[in-house]
Structure formats: C-alpha cells, structure tokens
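Below you'll find the structure, written out as structure tokens, and then a few comments.
A note on names: the letters A, B, ... follow the listed sequences, proteins ahead of strands, and every chain is numbered from 1.
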Amino acid sequence: MAKIIIDGKELDLPPEYTLLQAAEAAGAEVPRFCFHERLSIAGNCRMCLVEVKGGPPKPTASCAMAIRDLRPGPNGEPPVVETNSPMARKARKGVLEFLLINHPLDCPICDQGGECDLQDQAMGYGADSSRFAENKRAVEDKYLGPLVKTSMNRCIHCTRCIRFATEVAGVSELGAIGRGEDMEITSYLERALTSELQGNVVDLCPVGALTSRPTAFHARPWEYVKTESVDVMDAVGCAIRIDSRGREVVRILPRLNDAINEEWISDKTRHVVDGLKTQRLDRPYIRVEGKLRPASWPQAFAAIAAKAKATQATKIGAIAGDLASVEEMFALKGLMEGLGVANLDCRQDGSKFSPEHGRASYLFNSTIAGIDEADAIMIIGSNPRIEAPVLNARIRKRWLKGDCLIGVVGEKLDLTYQYNHLGAGADGLAAFADHPPVQKTKPMFILGAGAAARPDGLAVLSLAAKAALSLGVVKDGWNGFNVLQNVASRVGGLDVGFTPGPGGLDAPAMAAGGVDLLFNLGADEIEIASGAFVVYIGSHGDRGAHRADVVLPGAAYPEKTGIYVNTEGRPQFGDRAIFPPGDAREDWAILRALSDALGAKLPYDSLVGLRAALAAAHPHLVALDAVAPADAGVFAALAKLGGALDKAPFASAVGDFFLTNPIARASRVMAECSALRAGRQTLQAAE
Amino acid sequence: MSVRRLAEIQPASFAFTPENKAWAEKEITKYPPGRQASAIISLLWRAQLQHDFWLPKPAIEAAADMLAMPYIRALEVATFYTMFNLEPVGRHHVQVCGTTPCVLRGAEAIKQMCRNRIGPEGHVTGDGALSWVETECIGACCNAPAVQINEDYYEDLTQANFAKLLDNLVAGKPVKTGSQIGRTSSEPAEGSLTALTTLYGADGKSGPASVKP
C-alpha cells in the first residue's frame with residue numbers, strides 16, 4: 001500500500017492504482033474520453049490531466065500514471081495530486097479547446113446529443129467560444145456494416161473502438177490509418193465488421209462518430225422511457241435497459257452486471273428491436289377450411305374447449321418454447337396437471353437435460369464470473385461465440401490474462417482465442433473418461449446444448465460427467481461442470497419441472513404425432529406433424545403460428561414481466577417496457593383464462609398470486625439475482641449411466657446466430673446481418 | 001502531409017522474389033517469439049523496393065500474411081510512414097525538402113521548378129521517369145536547399161544545377177550525389193572563414209593561452 005494525498009485527503013492505496021483510480025477512490029471526478037475501465041490504457045485524449053507534486057512538473061495524464069511512479073517529498077511526505085487546481089482546470093480547458101477545433105458543431109442533428117461525453121465535458125470544462133478561425137478538418141464517413149453508422153468528422157481519436165474490437169471482441173478489424181491531423185478510424189478497406197459484439201462500439205464512442213444505424217434519427221435520449229430488464233436472446237441473461245418511446249421499443253442498451261455481461265451485449269440482443277414491430281399476432285385466429293381467420297377470444301377458447309373435451313388426457317400435450325418465462329411455464333404446467341396430462345416438455349430441440357439427473361447436470365455451475373478464475377477450460381460441442389457471445393468475450397478475457405489452457409472438442413472454429421483441438425466428436429471426449437486428474441486448480445468444462453440435443457445426448461452427458469470426475473473438474477470446493485444452454489427458457493423450464501411426467505411423451509414424440517391436441521407455448525423451432533390440433537400461444541406469426549389451428553396472441557418479452565433463469569440457474573426479473581399490440585395479452589393471463597374455459601381453473605387470479613404459488617413450489621426461483629448452488633453429488637450417478645455413443649462430430653446448437661428465434665426472424669436488421677454473414681449480397685437503395 | 005490512401009489502380013497480385021523472401025524470413029527471426037509483427041516495417045520496405053518503389057495493396061497483404069497479423073495493422077503502418085509510397089512514383093522520385101532552412105536558401109524555387117518540369121505533387125511524368133513530393137526536413141540543412149532522389153541526397157541546389165541534374169537523370173547520364181557545387185560534406189561553401197590557429201594555436205593543439213599577439 002502507498003500513501004497519497006488527493007485534493008488534501010490522505011489515502012492508503014495499492015501502488016499499482018493509477019492516479020485516476022486513486023482520484024475515484026478519493027471521490028474526485030476526473031473527466032476522460034479515451035480511458036475505459038475494461039480496455040487497455042491509451043492515454044491519448046489528455047482530458048484527465050491533473051497536477052502532481054512528486055512527479056513531472058507539468059500536468060499529468062492521470063489514467064496513465066500509477067501511484068508508484070510518483071516519488072515522495074524531500075522529507076518523505078506522500079506525493080500530492082490536485083484534481084481540481086487552477087493548473088489542472090486550465091490544462092483541461094486547453095485540451096478541450098484542441099478537441100473542439102476539429103469537432104463539428106452539429107449537436108442539433110447528432111444522435112449522440114444528450115448522451116455525449118464531449119457535450120457534457122464541454123459544458124463542464126470548455127470555453128464559452130472558439131478562438132479557431134481556420135477551416136475544420138473534414139473526414140470521409142466509413143462503412144462499417146449494417147449496425148454501426150459513422151460520422152467521422154466528429155471523431156476525437158480516443159481509439160476506444162479500436163481497443164474494444166481488438167481486445168474484447170477479438171477481431172482486429174478496426175484501426176487508425178494515417179497520422180496526426182489526418183488520422184482516420186476505419187476498418188480494412190471499409191469492410192463490414194464481423195464481430196457479434198460490434199454494437200458495443202456505439203456505446204463506447206464518447207462522441208457521435210459511431211452511432212447505431214438501425215435507430216438513427218429515431219428519438220432523443222431524454223424522450224425514452226427507460227426500463228431495466230433482462231435479455232432473452234440467449235441463456236446468458238444479460239442485463240439490459242429497454243428504451244421505449246410511446247408504444248414502441250426503440251433501442252436496447254446494456255446495463256452493468258459484473259456477474260454476467262460486465263457491460264457488453266451481443267448484436268442480437270441490441271438490434272432485435274425492429275422484430276418486435278413486425279409479424280405480430282395482435283388478435284386470435286382460428287383455422288377455418290385450412291385458413292387462419294380472425295376470431296374473438298371467446299370463439300378461440302370455445303374451439304379449444306370443444307377439442308379438449310373430445311380428447312383423452314393421454315392424447316393432450318404441451319411444449320414450451322425458447323422465450324417463455326418461468327411464470328408461463330409454471331401456469332401451463334398447472335393447467336396440464338389440472339387436465340391430468342403428463343405430456344409436457346420444454347426441450348423442443350430434443351435435448352436430454354433433465355431434472356431427474358439433478359439440477360447440477362444442466363447448469364453453468366461455476367457461474368459466469370467463475371470463468372475469470374478458471375485455469376483450464378474445455379469447450380465440448382459448443383460454439384460459444386454464437387451461442388453466447390458475451391460469455392465468449394469473458395473466456396477471451398481470461399485467455400488474454402494468460403496461464404489458461406483452452407481445449408475444444410467439436411467444430412474447429414475461430415473463437416477469438418487460441419485453443420487445442422482435441423477431437424470433433426464424442427471420441428475426443430472419451431479420451432478423458434479415465435484420465436488422471438489434471439494439474440490445474442480450477443479446471444472447467446463448458447458443455448454445449450448441442451451436444452446433449454443429439455439422439456445419444458444422454459450418453460454424451462454421462463461421458464462428460466465421467467470425464468469431469470476423473471479430470472478433477474468436479475471436486476471439493478469447485479464445481480467446474482458447466483452447461484452452456486442456448487435458450488432463455490430452458491433452465492427455468494427444467495427447474496419448474498416442465499418435462500414429461502410418468503409415462504409422458506417428450507417434445508419430439510409429441511411433434512411426431514403422439515398427441516391429438518398440442519398446446520404450443522411459443523415453440524417455433526420444432527416441426528409438428530400434421531394431424532394434431534395445435535393451439536399456438538405466442539407473439540409472432542412464425543413457424544408455430546403457421547402450423548396452428550388456433551392462435552392465441554401473446555406478449556413478447558418487453559411487453560410482460562417475467563422471471564427468466566439463466567444458464568447459471570440465476571433467476572432474473574424481466575420488466576415490462578410497453579404493452580402488447582392489439583388484442584394480445586400476457587401469456588400467463590391467456591393461460592389463466594384458458595384454464596377457466598377448459599374447466600381446470602388455475603388457483604390464482606393475478607400475477608402476484610401466480611408468483612406466490614411459484615414461490616411455494618420452487619422457492620429458489622423467486623430469490624432473484626442469486627445463484628442457488630446445485631448439489632455436485634449428482635455426477636457420480638450420471639457418470640454411471642453410460643450408453644452408446646454416436647460417431648458423428650459435435651455441432652453447435654445454433655446454426656444462424658442472427659435468426660434463432662421468432663423475434664429475430666421478424667427483424668429486418670437481423671436478416672441483413674444474417675445475409676451479410678452468409679456472404680449473400682443484399683441490394684440496397686441508393687441513399 | 002495529406003490523407004494517404006491506397007492507389008486506385010492496384011496490381012492483381014504481389015509475391016516476394018525468392019531472394020527477398022529469404023531475406024524477409026531472416027529478418028523475422030531477429031524478433032523474439034510472439035513479437036514477429038515487429039518486422040512489418042522491414043518487410044514493407046523490402047516490398048516497396050521490389051515493387052518499383054511503391055507499395056500496392058497485395059504487397060501490404062503479403063507482408064501481413066507472412067507475419068500472421070491483421071491486414072488493418074499492416075495498413076496502419078503503411079499509411080503512418082511517409083517513406084511508404086502508396087501510389088506509383090517515377091523512376092526518379094524527388095523528395096524536396098520544404099522546411100525552414102531549405103526554404104530560406106531557395107527551396108521554393110526548386111519546388112516551382114518541379115511543378116513546371118514534372119507537374120503537380122504526386123504526378124508521374126508520361127515517360128515514368130520523374131515524380132516529386134515535398135517532405136519535411138531531410139536533415140541536410142547545412143547544405144540547403146537539398147532534395148532526396150530515390151536513395152541519394154543532392155545538395156546545394158540552384159535552379160541551374162537542379163535543371164541539369166534532372167536532365168541527366170532522365171537521360172541516364174551519370175550524376176554526382178551530394179553537394180552540387182563541389183564542397184566536401186558541410187564545410188564552409190566560400191572557403192574557410194575561420195582561422196582555427198587563432199583559437200587553438202599554430203599547431204592546432206594548443207589552447208587559447210598559447211596565442212601570441
């Protein structure tokens with residue numbers, strides 16, 4: 001620890017702290033543009049200048065000077081830092097004047113206006129007028145793809161975007177060409193960025209040089225109603241803020257959550273919003289003579305009730321989709337139990353995860369923050385880069401820190417970090433089944449959902465458990481057996497037991513014609529054979545609605561409150577930002593009304609009542625934001641299951657990153673991104 | 001300096017000659033493992049020497065590929081240093097020093113001659129012989145005004161001797177590098193103006209005290 005006096009306050013701080021961190025510890029505000037906590041230090045904006053005694057006799061960039069770089073006074077006095085002295089203020093004023101020399105005065109037409117660091121700091125530290133009478137610099141705008149819009153005149157060369165792309169996203173695609181006044185930020189030959197995290201450069205940009213292309217000129221930051229919620233595009237459960245204006249969601253931004261997403265979100269999370277406005281189901285439909293015709297709610301319920309009355313309980317089934325909240329699945333399960341139905345499944349991909357093997361068998365047990373501690377990671381049958389881009393960035397962060405061995409069993413892909421390829425299929429994993437323990441303190445498995453969704457999924461799961469035990473991935477005080485689920489509803493569904501009851505059919509069996517009446521709660525990724533009478537409850541006119549005989553319009557995730565359990569088993573609360581369109585209703589309310597029509601009335605009349613019932617049945621699901629550790633003792637039994645293994649190589653559970661769910665498939669932006677990635681050219685209007 | 005971009009017309013491909021490739025591989029071994037990208041400037045320079053003294057896009061990519069570095073990182077280096085010519089240049093590429101000492105000694109006239117004889121900055125003459133650019137100080141202030149043509153300096157220029165120099169270069173006649181008025185390095189141009197003996201004695205070895213009136 002080192003002593004330092006900041007603004008007259010003496011503190012005892014770690015010597016490796018930078019002066020900026022020390023100033024923050026002292027509660028002093030230091031303005032900055034280029035410095036960012038999660039990126040390397042560049043020290044090129046010079047906005048964080050402070051006055052130091054015990055260092056160079058000139059204003060010092062506090063972000064790039066550590067406490068230990070300063071020397072004590074002649075009598076051993078601690079070094080002194082003044083963050084708000086006349087000298088520091090004058091220095092910052094000068095820096096800001098230089099930054100504004102070439103910055104256009106287009107705040108009134110700039111999307112960053114109102115949430116612009118430069119604007120704020122010009123108010124705080126700037127001069128009242130310009131002394132610069134010469135011509136301003138003009139820079140050509142660059143094309144960076146369909147998500148990031150550029151206005152390079154505004155760039156102040158903080159290089160945050162370059163450092164983000166290189167360090168966090170792991171794709172060295174952005175760079176600064178030229179030098180001095182002619183320096184320009186660009187991608188190589190203006191190629192579109194390929195990262196799944198590129199949207200974050202818009203948040204990082206302290207000025208309006210990089211803005212969001214899909215939401216360009218939509219609204220001003222102060223016009224938004226801001227709702228804190230949780231993302232459902234993957235099973236990571238990133239913390240998000242939904243910004244809505246009137247009845248529309250305009251944009252989604254990340255929220256800080258160090259346990260999960262730090263402060264990044266994927267492009268799908270961020271830019272799926274236009275999918276909330278298109279292809280929406282806004283009224284009930286009934287299939288008449290092969291065509292879906294608009295109907296009223298009572299008509300739809302009557303049609304379902306008539307069919308339910310004529311169908312035996314063994315011929316009724318329910319499948320829950322990928323975006324369902326815990327409450328809906330709990331209500332649907334209650335309804336099915338009321339009808340005496342055992343055919344329930346929340347695993348439309350046919351995955352073999354099941355609560356009967358214990359909760360630890362389907363959770364990311366070490367937690368996502370546990371990746372930071374791991375010293376060996378084996379990724380099995382997963383492509384985390386597209387299944388969970390934010391989690392992949394976390395693995396990369398761990399890899400960059402060094403001394404972390406990464407192995408992959410599965411597809412050989414660019415994961416943005418180096419790894420040893422240990423095999424393509426189950427035989428690669430089988431080599432570790434009877435392996436002596438590794439000489440690592442915190443080894444970790446990351447088992448992809450795709451590996452367990454194969455016909456031999458249970459055998460793969462068992463083999464993984466066996467390998468985990470023999471390698472020491474699961475041991476006293478450390479459970480590194482991690483399952484990376486790929487959909488938001490999966491863990492919640494398994495936790496409430498939305499799986500086949502005794503003698504019940506699973507999702508593939510139901511879809512193949514095992515039932516006559518199928519309740520489909522937003523399951524769009526499963527092909528349902530003709531014959532069954534399908535009741536689709538969902539928000540979008542996607543595959544599920546096309547196959548349905550009765551469509552009940554539900555709410556999409558920003559339109560309802562709900563609990564989502566992420567892949568760690570962490571229940572999080574998603575709040576409502578807007579209301580569902582037209583006659584659409586929140587899904588739990590549809591199920592409650594439907595239960596009345598079917599004569600198996602659910603015992604609650606409000607969402608509060610539903611959550612009370614949920615809390616009574618599954619207390620851990622209402623302990624929000626906390627991870628209830630799962631019992632690691634289940635792996636021994638799981639390892640003994642064994643089973644025949646398929647020779648086929650592992651494949652990721654996610655095919656097209658941008659089109660994994662009905663909302664994303666309804667989004668024009670996602671379609672454009674998908675086409676770009678697939679190498680298909682999209683025709684664009686001349687703008 | 002102005003915005004530097006890749007040339008519009010680019011060759012289809014670029015490959016190091018076997019000798020240059022061997023040279024480049026040897027150059028890369030000078031750097032410690034994991035730091036091979038440090039060789040980028042040497043490789044780009046060699047590529048430029050091989051490719052008529054300008055650096056096309058395929059050459060930048062070839063150098064980046066050899067070092068397994070992202071193209072943008074190589075492009076950053078190529079656009080940063082003005083010694084890399086991103087557009088074709090003439091066989092004799094004249095870099096006219098335009099910094100203060102040369103300007104005081106007549107560099108403006110040299111530049112005007114270039115404009116008249118060759119054309120605007122960056123332009124290559126029709127026969128491909130000449131092109132010119134203005135540079136910052138080339139470090140030959142004592143012999144100002146000076147220009148650098150390819151790898152050689154030509155100093156003490158006047159309008160007359162510079163015109164002759166260009167004529168000789170284009171005609172392929174031998175030219176003299178260095179001072180064009182025949183002085184050795186940067187000794188006084190009009191003979192010795194300082195009698196060293198007054199300060200250091202007749203033998204040049206004694207101190208001022210040895211000076212006899």
Side-chain angles (χ1 to χ4, degrees), chain A residues 40 42 44 102 134-145 148 150 152-153 155 157 159 161-195 198 201 396 399-403 414 416-418, chain B residues 1-14 32-41 44 47-48 54-87 98-99 121-122 133-137:
Chain A
S40 64
N44 56 8
N102 278 319
E134 287 75 16
N135 284 332
K136 284 181 187 256
R137 186 179 71 117
V139 186
E140 288 165 34
D141 290 346
K142 309 291 185 293
Y143 173 78
L144 295 181
V148 181
T150 63
M152 300 315 285
N153 276 346
C155 180
H157 303 147
T159 68
C161 51
I162 299 177
R163 283 176 283 146
F164 174 83
T166 310
E167 294 162 16
V168 178
V171 289
S172 295
E173 289 173 345
L174 280 173
I177 62 165
R179 71 179 188 216
E181 194 187 21
D182 299 308
M183 176 169 153
E184 295 179 34
I185 306 284
T186 183
S187 60
Y188 187 66
L189 308 179
E190 299 196 30
R191 285 182 191 153
L193 303 178
T194 60
S195 171
Q198 57 179 284
V201 298
R396 175 173 163 81
W399 174 76
L400 278 178
K401 218 157 65 177
D403 198 23
D414 176 13
T416 70
Y417 36 82
Q418 284 171 7
Chain B
M1 206 178 96
S2 56
V3 175
R4 286 158 54 79
R5 293 281 159 79
L6 295 177
E8 274 182 31
I9 300 163
Q10 294 280 350
S13 64
F14 174 89
R35 297 282 182 273
Q36 282 83 358
S38 303
I40 185 67
I41 294 180
L44 288 176
Q48 172 161 308
W54 72 283
L55 204 52
K57 177 176 94 113
I60 295 172
E61 294 178 355
D65 283 337
M66 273 188 89
L67 301 167
M69 66 195 282
Y71 291 163
I72 182 74
R73 294 282 100 86
L75 184 69
E76 281 178 334
V77 174
T79 54
F80 187 94
Y81 294 103
T82 44
M83 67 188 204
F84 296 121
N85 297 314
L86 301 178
E87 310 239 5
T99 308
E121 243 186 295
V133 289
E134 182 184 332
T135 66
E136 297 308 320
C137 182

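Listed for the A:R179 side chain is a donor-acceptor partner under 3.5 Å among the backbone atoms of B:F80. A donor-acceptor pair under 3.5 Å is absent between the side-chain atoms of B:T79 and the main chain of A:I177, judged by distance alone.
The structure places OG of A:S172 at 9.5 Å from CD1 of B:I72, a figure rounded to the nearest 0.5 Å. Here B:E76 contributes atom CD and A:I162 contributes atom CD1; the two are 6.0 Å apart, rounded to the nearest 0.5 Å.
For the pair B:L6/A:L189, a side-chain contact is recorded, criterion being any heavy-atom separation below 4.5 Å from C-beta on. Between B:P70 and A:E173 the shortest side-chain heavy-atom distance does not fall below 4.5 Å.
Surrounding CG of A:N135 are at most 12 heavy atoms belonging to other residues, nucleotides or ligands under 6.0 Å away.
Between A:Y188 and B:L75, the closest heavy-atom pair is CD1-CD2, 3.8 Å. For A:G175 against B:R73, the heavy-atom pair with the smallest separation is CA-NH2, 3.7 Å.
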Checklist entry - Stepwise, does the salt bridge (charged side-chain N to carboxylate O under 4.0 Å, His left out) test hold for B:R5 with A:E140? => result CA-CA 12 Å; B:R5 293 281 159 79; A:E140 288 165 34; 3.0 Å; yes

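In this structure, chain B has a heavy atom under 4.5 Å from the side chain of A:E184, while its backbone stays farther away. At a 4.5 Å heavy-atom cutoff, the contact between A:T166 and chain B is made by side-chain atoms alone.
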